[in-house]
Amino acid sequence: MKVPFLDLKAHHAPLRGHFKSAIADVIDSGIFAGGPAVVDFEEAFAAFCKCDNAVGLGSGTEAVWLALLACGVGPGDEVITVPSTFMATAEAITYCGAKPVFVDVDERTYTMAPAGLAKALTSRTRAIVPVHLFGQMADMDPILKFGQQHGLAVIEDAAQAHGAEYKNRRAGSIGEIGCFSFYPGKNLGALGEAGAVVTNSLRLADKVRVLRDHGQTRKYHHTVVGWNCRMDAIQAACLAIKLRHLERGNDLRRTHAGRYSSAFKDVEEIIPPFEANYARHVYHVYAVRVQDRNDVIRHLEEKGIGCGVHYPVPVHLQEAYASLGYERGAFPVSEQIANEFVSLPMFPELSEAQIDFVIETVKESVATGVLA
Ligand SMILES: Cc1ncc(COP(=O)(O)O)c(C=O)c1O
């Protein structure tokens, strides 16, 4: 039996006819960058996030970047985030001319440990970017409280957390502004690149709208220097179709995660994901922790099972950020989990038989002597 890490073809097969007619509608409209298809998707996505406004963009990286700019982050500022994330979170901070300052993550949720914030704070700190890693939200209440006490914007990087919840509130709707990626493999993925921000602040939404469109408030009247970060209309039309299936996809991911986790819970060598009691985890990634990761990966590959590592090098140790001067050992939890994570197949169309085969193979590969 083969088990791919992700099977987008299976996910898209029943939607092909809908995609074709939605793309034909966009072609017939002649409006490809922004326009009605984007506005329709924005309204539907804002409602999904239980938020007042959504602004469609070209990628999740642009979402974090423009969110920071809209919150006033600029050269000389510092922004606190975590090293256990995809590089884009920190890159977006750098694009603003600001400096990423890291705090470690919690050992169980792998999201920002609020206790680290005080040590990271300086007179230059402007914002905090918690990352809802793998589909589980960061513990937002203490982060928001810290932000309020020190006058800092809280910007949620929800690129991996479409539909995740914190105490019944949706990802993206809790901080000043929330940032989403619709990269194809995400829980809600486009048929190419796309992203969005959501916010309850009309003022911030309007700022992002201006920034995404060359700083124009009226055609050829530019009030600020912006960029081209408009959402592609074909992506918006296809995303609107996929959005209708997101809730069901998230429920299936949760069911699959439950099957994996109940099989792993008594295996000493495997640490399955922990779901915080405040959270509705949407399992964008189902990552277990094991000691001998390379053995496990080799064994999975031999058996035809796809897997991944998210992420092998924490951001503070990336070569690109050597100039920040962080040493190995600076963030022990992020460094340890980066050595131990293996992401297992996770997508709504997985069958129980496939999951059981993955479970059996992972268990075999950690059992003493099997790989000797
Ligand atoms: C946590 C996080 N932030 C930001 C991004 C950037 O999104 P995009 O790839 O759409 O630019 C990603 C994408 O993987 C991500 O996982």
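Both ligands and their constituent atoms are indexed starting at 1 by order of listing.
Looking at atom 11 (O) of ligand 1, its nearest protein heavy atom turns out to be Thr61 OG1, 2.4 Å. Among protein heavy atoms, the minimum distance from atom 12 (C) of ligand 1 is reached at Phe86 CD2, 3.6 Å. For atom 9 (O) of ligand 1, the closest non-hydrogen atom on the protein side is Ser181 OG, 4.0 Å.
With 3.5 Å as the limit, one finds a donor-acceptor pair spanning the side chains of Gln216 and Asp213. A donor-acceptor pair shorter than 3.5 Å can be found between the side chains of Thr89 and Asp157. Checking Asn187 against His162 by side-chain atom types alone, no donor-acceptor pair falls below 3.5 Å. Side chains of Gln160 and His132: a donor-acceptor N/O pair is absent below 3.5 angstrom, by distance only.
Between the choices Val285, Leu57, Asp157, Thr81, the shortest heavy-atom distance to atom 1 (C) of ligand 1 belongs to Asp157. For atom 15 (C) of ligand 1, the nearest non-hydrogen atom from the set Ala88, Ala159, Gly58, Ala92 comes from Ala159. The nearest non-hydrogen atom to atom 14 (O) of ligand 1, considering only Lys186, His132, Glu193, comes from Lys186.
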Applying salt bridge (Lys or Arg N to Asp or Glu O under 4.0 Å) to Arg230 and Glu42, what does each step give before you reach the verdict?
CA-CA 12 Å; Arg230 294 178 298 242; Glu42 288 173 341; over 6 Å; no
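Contact annotation for Thr85 and ligand 1: only side-chain heavy atoms (C-beta onward) come within less than 4.0 Å of the ligand.
Atom numbering of ligand 1 starts at 1 in the shown order; those under 4.0 Å from a heavy atom of Gln160 are 1 (C), 16 (O).
Using a 4.5 Å heavy-atom threshold, the side chains of Thr111 and Val82 count as separate.
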